[in-house]
Amino acid sequence: MREVRVRFAPSPTGALHIGGMRTALYNYLLARKHGGTMILRIEDTDQNRYVPGAEEYILESLAWAGITIDEGVGKGGPYSPYRQSERKDIYKQYAQRLLTEGKAYYAFDTEQELEEMRQRLKEAGSSDQQYSSTTRSSMKNSLTLPESEVNQKITQGEPHVIRLKVPANEEIKLTDLIRGEVSVNSSQVDDKVLMKSDGMPTYHLANVVDDYLMKISHVIRGEEWLPSAPLHVLLYRFLGWEKEMPQFAHLPLLLKADGNGKLSKRDADKAGFPIFPINWTDPKTKEFSAGFRENGYLHEALLNFLAFLGWNPGTEQEIFSFAELAEIFTLERIGKSGAKFDIQKAQWYNQQYLRAKPDEELAKYLLTSLAKESISCPPEKAAKICAIMKERVTFPKDFWEQGKFFFHSPTEYDPQIVSKKWNEDTVRFLSAFSQELKLISLFNSESAKLTLEKVATIVTIPSGKIMQALRMTLTGGASGPDLMTTMEIIGKDETIRRISFALENIKVKVS
Ligand code: GLU
């Protein structure tokens with residue numbers, strides 16, 4: 001097998017979309033699996049769409065995710081530079097070669113002339129209004145103008161582009177590793193611009209030239225690029241690089257959760273979930289978008305989730321470490337159909353990964369939140385809290401958000417529990433319970449439970465009847481982690497204090 005060299009080739013036109021992150025991930029996994037090289041190339045030839053800060057954003061997002069770059073922007077390597085705007089001369093050279101060999105031509109048509117051509121064709125009833133093998137003969141280019149005029153225009157610096165001379169009626173075939181055989185008639189391909197009037201190459205030329213020069217073995221990219229692939233194949237053929245042509249794999253689209261249409265930022269905003277890996281503020285509009293990182297997603301959970309958007313291992317197993325993914329990943333197991341982006345599944349992954357962490361590590365999340373509140377807490381206590389809460393949380397911040405009662409006694413009580421469960425029996429039980437607690441010398445979850453059962457027999461009320469009310473006196477709410485351990489963590493005196501406070505402050509409904 002050819003040495004695996006893959007590239008992630010984003011354009012710095014804004015924040016990296018989560019779909020771009022998946023593309024980067026699949027490239028990375030293939031590289032790791034085969035001991036290959038992962039390259040980062042920045043495709044910044046479209047000056048109009050360039051967004052300052054986007055490149056840094058891409059680098060930071062990949063670094064956060066743990067997708068390490070072996071070669072390319074930010075890393076260097078044997079095929080430097082890896083930023084296309086710094087490779088202009090290289091592209092010019094190949095465009096020149098195509099011109100000399102009659103496979104490309106100069107075109108001088110103005111925007112207005114192009115518009116007129118489209119209008120003319122439209123009026124003549126033509127469904128195809130492209131600059132192509134059928135229309136180029138009536139346009140202003142080096143195929144129709146005398147050579148002397150062409151040379152004059154070039155030396156005088158008249159704005160011009162270089163177009164590919166696409167042959168008429170030829171089958172262009174390629175094998176996509178995901179989509180299978182793809183065949184397109186060249187008459188459907190227009191004479192694409194290769195070099196723009198600003199001296200910059202277009203995406204197509206730069207992409208093909210770089211993939212060849214950088215010895216790329218596999219082009220793994222989004223499905224939106226599939227229509228461009230035949231053109232790229234033609235370019236490889238024209239440049240005499242067919243043997244070195246990379247293999248193509250066009251990844252399925254990311255769809256909305258209901259499968260109805262492409263996932264967009266607007267959908268994500270509306271549903272209140274992130275679409276970008278890390279926080280992003282658009283430098284032009286100043287619009288702020290919170291990232292997956294800042295929303296509390298763990299990078300390993302997000303990657304596991306993304307891996308399954310279009311790919312599956314063929315088994316029921318859903319949790320895979322990064323290293324495991326790299327071992328079992330294959331392009332053959334990527335599906336053709338669009339992948340539904342279900343944020344609840346991403347949350348499920350986050351829960352699984354949080355749960356699997358040692359309590360001491362989870363404690364750090366809680367301690368960070370506590371520090372912001374200027375609350376001090378021994379790490380052992382924080383670990384104990386996290387241990388009983390970890391089955392219930394989705395994000396690191398939840399340890400604090402859902403566990404405030406460990407540090408503050410409740411100031412409000414769940415009104416439903418008050419109205420349903422607070423009655424004379426409850427008061428009798430809880431009064432007796434707090435009295436009994438005072439007598440315990442060794443207070444922990446077990447002795448608390450034994451005391452509860454003892455009181456139940458004394459007052460002849462089953463403990464199950466007062467459990468929710470007891471929880472409410474301690475936490476204010478109706479649900480939460482294991483109650484006996486909660487009491488142990490809160491401590492004997494505080495438990496008694498909270499029960500007494502509730503007994504004094506909640507009115508008994510007289511039935
Ligand atoms: N620059 C293209 C993009 O932004 C890369 C497409 C490709 O990988 O060929 O998606």
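Residues take their numbers from the sequence shown, with the count starting at 1. Everything numeric in this text was worked out from a predicted model, so none of it was measured.
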Keeping [X] on the side-chain end and [Y] on the backbone end, is there a donor-acceptor pair under 3.5 Å?
X	Y	result
T460	T457	no
E294	N279	yes
N350	G296	yes
D211	I216	no
N304	A301	no
K265	F276	no
S409	R498	no
R22	L309	yes

Is the distance between the ring centroids of Y57 and W280 under 6.0 Å?
yes
With a 6.0 Å cut-off on ring centres, are F329 and F320 close enough? no
Just by distance, with hydrogens left out, do [X] and [Y] show a side-chain donor and acceptor under 3.5 Å apart?
X	Y	value
S11	R49	no
E71	T37	no
S321	E300	no
T281	K286	no
R333	N312	yes
R179	H250	no

* Carefully, step by step, assess W64 and Y297 under the rule ring pair (Phe, Tyr, Trp, His ring centres under 6.0 Å). => CA-CA 11 Å; W64 169 65; Y297 286 87; 8.8 Å; no
Lys/Arg-Asp/Glu bridge criterion (N-O < 4.0 Å) met for [X], [Y]:
X	Y	value
R83	E86	yes
R428	D425	yes
K454	E436	yes
K262	E224	no
E327	K33	no
R87	D210	yes

For [X], does the [atom1] atom sit with more than 12 other heavy atoms under 6.0 Å from it, leaving out its own atoms?
X	atom1	value
K256	NZ	yes
Q344	CD	no
K88	NZ	no

Quick one, R7 and Y82 - any side-chain contact, counting heavy atoms below 4.5 Å? no
Check whether any side-chain heavy atom of I39 sits under 4.5 Å from a side-chain heavy atom of D70, and report yes or no. no
query: Passes salt bridge (charged side-chain N to carboxylate O under 4.0 Å, His left out), E494 versus R497? Steps please.
result: CA-CA 5 Å; E494 180 64 9; R497 207 190 59 72; 3.1 Å; yes
Quick note, ring pair (Phe, Tyr, Trp, His ring centres under 6.0 Å) partners involving residues 341-386, not counting sequence neighbours, are F273-F341, F305-F341
The single option from D398, D482, D359 that satisfies salt bridge (Lys or Arg N to Asp or Glu O under 4.0 Å) with K390 is D359
